[in-house]
Enquirer: 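This is the structure, below, for whatever I ask next.
The sequence lines fix the lettering, A, B, ..., with proteins before strands; numbering per chain opens at 1.
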Amino acid sequence: MPSQIVSLVVNGEPREFIAAPGMTLLAGLRESLGLTAAKRGCGQGTCGSCTVLVEGQARAACLVAVETVAGLSVSTLEGVATGGELDAVQSSFVDNFATQCGFCTAGMIMVTEALLDRDPDPSEEDVAEAISGNVCRCTGYQPIVIAILDAARRRREERASR
Amino acid sequence: MTYRLAAIDKSSFAAEREDDFTVIGSVVRRSDALGHVTGRTEFFEDVAPPGLAHLKMHRSARHHARIAGVDLTEALAVPGVLKILTHADIPNNLYTPLKLIGVGPDDEPILAVDKVRYLGEPICAVVAVTEAAALEGAARVKVTYEDLPAVFDVEEALAEGAPLVNEYHGQNHFIYEGHHCRRIRFGDVEKAFAEADHVFEWRYQSAPIEQAPVETTGCVVIPQADGRLRIHSDTQACFFTLDNTALILETPFNKLRIVGGTVGGGFGGKVDVVVEPVACVAAMMTDRPVKFVYNRYEEMQVSSPRAAERIYIKDAVMDDGRIIGRKVTLYVDSGAYARHTPYGTTKAAAHLPGPYSIPNVWADCHCVFTNRTPSSAMRGFGVTIGDFALESQMDRIARALDMDPLRLRLLNAYRDGDLKAHRKVAEGTALVEVIQKAAEMSGHELPEAYRRMSSLTREGL
């Protein structure tokens with residue numbers, strides 16, 4: 001099978017690169033586009049540190065063959081802050097000490113973005129369910145859950161004040 | 001800030017407090033948080049130099065075996081394979097990481113020579129232009145083994161006639177200044193057992209525990225124009241890694257530069273110097289940047305876990321709950337090589353008999369070699385499992401005497417001025433106050449006499 005040119009819309013910009021057969025979306029983002037926020041923790045879809053959004057849905061980029069998402073819209077952590085301003089989820093993660101080593105953070109923030117897009121007022125159980133595919137070995141999860149609930153509140157307040 | 005912040009409890013040791021804290025009690029933002037939430041923190045694997053080659057290891061498929069032959073023919077024929085390293089390519093193939101602080105002997109090959117001592121031990125390193133080619137090459141290395149009997153249990157390893165795991169030690173245990181184990185001898189435990197109202201003896205055991213960081217162990221080594229090697233690593237110990245790597249490469253320290261300090265979780269699992277030396281040799285021999293990173297299976301199977309331990313505790317106890325003698329026999333499973341476990345075993349001995357004043361203490365703490373994955377550092381290693389055993393023992397004694405487990409501990413807790421089993425006078429003790437506070441916070445009623453106890457006096461004893 002020959003290599004092929006794959007076109008994606010990444011963080012709102014059209015991008016093209018040459019994909020070897022079997023290339024994963026994670027490898028495409030990290031190695032071809034230099035977008036290294038998404039991490040490889042397991043390469044088996046079990047740790048969640050490579051989570052990105054494909055058409056707004058959280059996906060483990062290490063399990064997605066890049067040709068299967070050709071033409072679709074992909075969002076990574078690099079595209080979350082706009083104009084140098086942290087969004088509500090990012091600033092909430094900082095303020096609530098939801099990061100320690102930082103390796104799971106990109107995945108955690110991306111599943112949170114997907115969660116809050118579909119449910120602006122999640123319960124603690126909803127949050128636990130949303131991050132159940134993301135492993136964090138440092139925090140014990142509690143600061144992350146607190147940060148996500150706080151982020152939801154911040155987003156609702158932002159919307160209300162607009 | 002929304003993060004919960006408890007006020008500082010100033011009720012204990014008020015006289016000892018300067019109360020001039022400038023940071024404690026205030027919220028300080030993490031200096032690395034901004035990089036983490038924007039994805040701009042650079043981890044070692046985010047470095048992508050042009051021409052990067054990949055290293056994959058062919059590992060032992062046996063627990064204990066002599067290597068009869070290694071055939072690289074098929075592996076070398078895989079398109080994209082640049083080089084296959086064996087033990088002959090490593091300048092100083094034999095090492096032990098704690099040699100920097102005088103611990104010996106060197107007992108572990110970087111790449112196996114004539115024998116493998118645990119499942120997953122590295123034998124040959126395949127360097128290729130792509131990760132897929134390196135994996136394919138590693139899979140096509142053919143090793144012929146002559147199996148040897150293996151031993152997986154610490155007590156079986158110390159028994160007469162057990163297979164010898166590590167010839168560099170000459171016996172299946174580490175030797176501490178001429179002694180077969182780390183020892184404590186304080187008072188006369190046998191006399192205490194004879195005088196005690198009760199003697200309780202129980203056994204405790206733990207399995208190896210993998211640190212399981214989300215970022216696996218690895219490095220990227222980039223040869224520099226000036227002949228130096230720049231090592232991007234997720235080691236928890238940059239200078240320790242640099243010094244050990246220089247010794248293994250037989251190169252001056254200033255030929256190496258480590259770029260690190262950003263670790264995607266370590267918990268002790270990233271202090272053994274296992275990926276950098278072989279990646280450096282590969283980079284030198286191919287004159288290309290080389291990446292050597294564990295996959296998840298390797299991280300779980302061959303990165304060194306917290307050691308398994310087996311602990312026997314025998315206590316001489318009086319009817320009123322006073323413990324007058326404690327005898328501990330503790331075995332730490334070092335696996336096939338020493339790594340940091342001789343030190344961990346010393347820490348285990350230093351921690352006995354727990355935070356209690358016991359007048360007669362005897363302990364033998366053995367660092368034992370078996371054909372299991374080498375164990376090493378992990379958060380409080382040498383201490384955590386001992387604490388599990390000691391505090392389980394305290395609860396079981398309380399249950400056997402039908403006594404409140406907190407009162408049992410308060411009665412035996414060390415106080416300032418007590419002579420500990422290691423001939424050190426205890427100072428700065430706070431166990432009494434911690435228990436009192438825990439009782440108060442959890443609604444556990446303590447009688448007045450126990451609430452009046454203090455680490456600073458012998459009141460109530």
Enquirer: Chain A heavy atoms under 4.5 Å from B:Glu42: which part of the residue, side chain, backbone, both or neither?
Expert: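 Contact with chain A: none, neither part.
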
Enquirer: Sort A:Cys138 into side chain, backbone, both or neither according to what part of it lies under 4.5 angstrom from a heavy atom of chain B.
Expert: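 Both backbone and side chain.
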
Enquirer: Would one find more than 12 heavy atoms of other residues, nucleotides or ligands at under 6.0 Å from atom CD of A:Glu124?
Expert: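 Count not over threshold, so no.
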
Enquirer: Starting at OH of B:Tyr297, measure out to SG of A:Cys42 and round the result to the nearest 0.5 Å.
Expert: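 Answer for the OH-SG pair, B:Tyr297 versus A:Cys42, is 16.0 Å.
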
Enquirer: Can you give me the closest heavy-atom contact between A:Ala37 and B:Gly39, atom names plus distance?
Expert: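 It is CB-CA, 3.7 Å.
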
Enquirer: Check this for me: B:Gln224, atom CD, are more than 12 non-hydrogen atoms of other residues, nucleotides or ligands nearer than 6.0 Å?
Expert: yes

Enquirer: Identify the heavy atoms of B:Gln211 and A:Arg137 that sit nearest to each other, and give their distance.
Expert: O-NH2, 2.6 Å

Enquirer: Taking B:Ala212, B:Ala132, B:Ala48 one by one, which has the highest count of heavy-atom pairs under 4.5 Å against chain A?
Expert: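 Looking at each of B:Ala212, B:Ala132, B:Ala48 in turn, B:Ala212 comes out on top.
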
Enquirer: Measure distances from A:Ser49 to the heavy atoms of chain B and classify the residue's part below 4.5 Å as side chain, backbone, both or neither.
Expert: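 Just the side chain, heavy atoms under 4.5 Å.
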
Enquirer: What do you reckon, is CD of B:Glu391 surrounded by more than 12 foreign heavy atoms closer than 6.0 Å?
Expert: yes

Enquirer: For residues A:Thr36 and B:Phe43, determine if any side-chain heavy atom of one lies less than 4.5 Å from a side-chain heavy atom of the other.
Expert: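 They are not in contact (no side-chain heavy atoms under 4.5 Å apart), so the answer is no.
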
Enquirer: Of the non-hydrogen atoms in A:Cys101 and B:Gly264, which two are nearest, and what is the gap between them?
Expert: SG-C, 3.4 Å

Enquirer: Where do A:Val89 and B:Val37 land on the side chain to side chain contact (heavy atoms under 4.5 Å, CB included) test, with the steps shown first?
Expert: CA-CA 9 Å; A:Val89 181; B:Val37 301; over 6 Å; no

Enquirer: Counting distance only, does the side-chain N/O of B:Arg296 pair as donor-acceptor with the main-chain N or O of A:Gln44 below 3.5 Å?
Expert: no

Enquirer: Tell me, side chain or backbone of A:Val80 under 4.5 Å from chain B's heavy atoms, or both, or neither?
Expert: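 Neither part; nothing is under 4.5 Å.
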
Enquirer: Look only at the side chain of B:Arg29 and the backbone of A:Asp95, and say whether a donor-acceptor pair between them is shorter than 3.5 Å.
Expert: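 No, B:Arg29 side chain to A:Asp95 backbone: no donor-acceptor pair under 3.5 Å.
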
Enquirer: Quick check on B:Val47 against chain A: is it the side chain, the backbone, both or neither that has a heavy atom closer than 4.5 Å?
Expert: neither

Enquirer: Could you walk me through whether B:Arg30 and A:Gln100 pass side chain to side chain contact (heavy atoms under 4.5 Å, CB included), step by step?
Expert: CA-CA 9 Å; B:Arg30 292 182 64 100; A:Gln100 279 189 34; 3.9 Å; yes

Enquirer: Report which part of A:Leu86 has an atom under 4.5 Å of a heavy atom belonging to chain B: side chain, backbone, both, or neither.
Expert: side chain

Enquirer: Examine whether an atom of B:Thr38 lies under 4.5 Å from a heavy atom of chain A, and if so say whether it belongs to the side chain, the backbone or both; otherwise answer neither.
Expert: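 Backbone plus side chain of B:Thr38, per the 4.5 Å heavy-atom cut-off to chain A.
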
Enquirer: Would you mind checking which part of B:Val214 comes under 4.5 Å of any heavy atom in chain A, side chain (CB onward), backbone (N, CA, C, O), both or neither?
Expert: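 Interface part for B:Val214: both.
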
Enquirer: Before accepting this row, confirm whether a basic side-chain N of the pair B:Glu215/A:Lys39 lies closer than 4.0 Å to the acidic partner's carboxylate O.
Expert: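 No salt bridge links B:Glu215 with A:Lys39.
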
Enquirer: For B:Arg379, does the CZ atom sit with more than 12 other heavy atoms under 6.0 Å from it, leaving out its own atoms?
Expert: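 No, the 6.0 Å shell around CZ holds no more than 12 heavy atoms from other groups.
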
Enquirer: Answer yes or no: is there a donor N or O on one side and an acceptor on the other, between the side chain of B:His36 and the main chain of A:Thr105, under 3.5 Å?
Expert: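 Judged by distance alone, no pair lies under 3.5 Å.
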
Enquirer: Starting from the C-alpha separation in whole Å, work towards a yes-or-no answer on side chain to side chain contact (heavy atoms under 4.5 Å, CB included) for B:Thr41 and A:Phe103.
Expert: CA-CA 9 Å; B:Thr41 301; A:Phe103 203 77; over 6 Å; no

Enquirer: Side chains of B:Thr216 and A:Arg40 only: does a donor on one sit below 3.5 Å from an acceptor on the other?
Expert: yes

Enquirer: Look at atom CD1 of A:Ile18 and say whether more than 12 heavy atoms of other residues, nucleotides or ligands are closer to it than 6.0 Å.
Expert: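 For A:Ile18, atom CD1 is not crowded (no more than 12 foreign heavy atoms under 6.0 Å).
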
Enquirer: Is A:Arg59 atom CZ crowded by more than 12 heavy atoms from other residues, nucleotides or ligands, each under 6.0 Å away?
Expert: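 No, CZ of A:Arg59 has 12 or fewer neighbouring heavy atoms, counting only those of other groups under 6.0 Å.
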
Enquirer: Checking heavy atoms, do the side chain of B:Asp46, its backbone, both or neither come under 4.5 Å from chain A?
Expert: both

Enquirer: Under 4.5 Å heavy-atom distance to chain A, tell me which part of B:Phe267 shows up: side chain, backbone, both or neither.
Expert: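 Answer is side chain: those atoms of B:Phe267 sit under 4.5 Å from chain A.
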
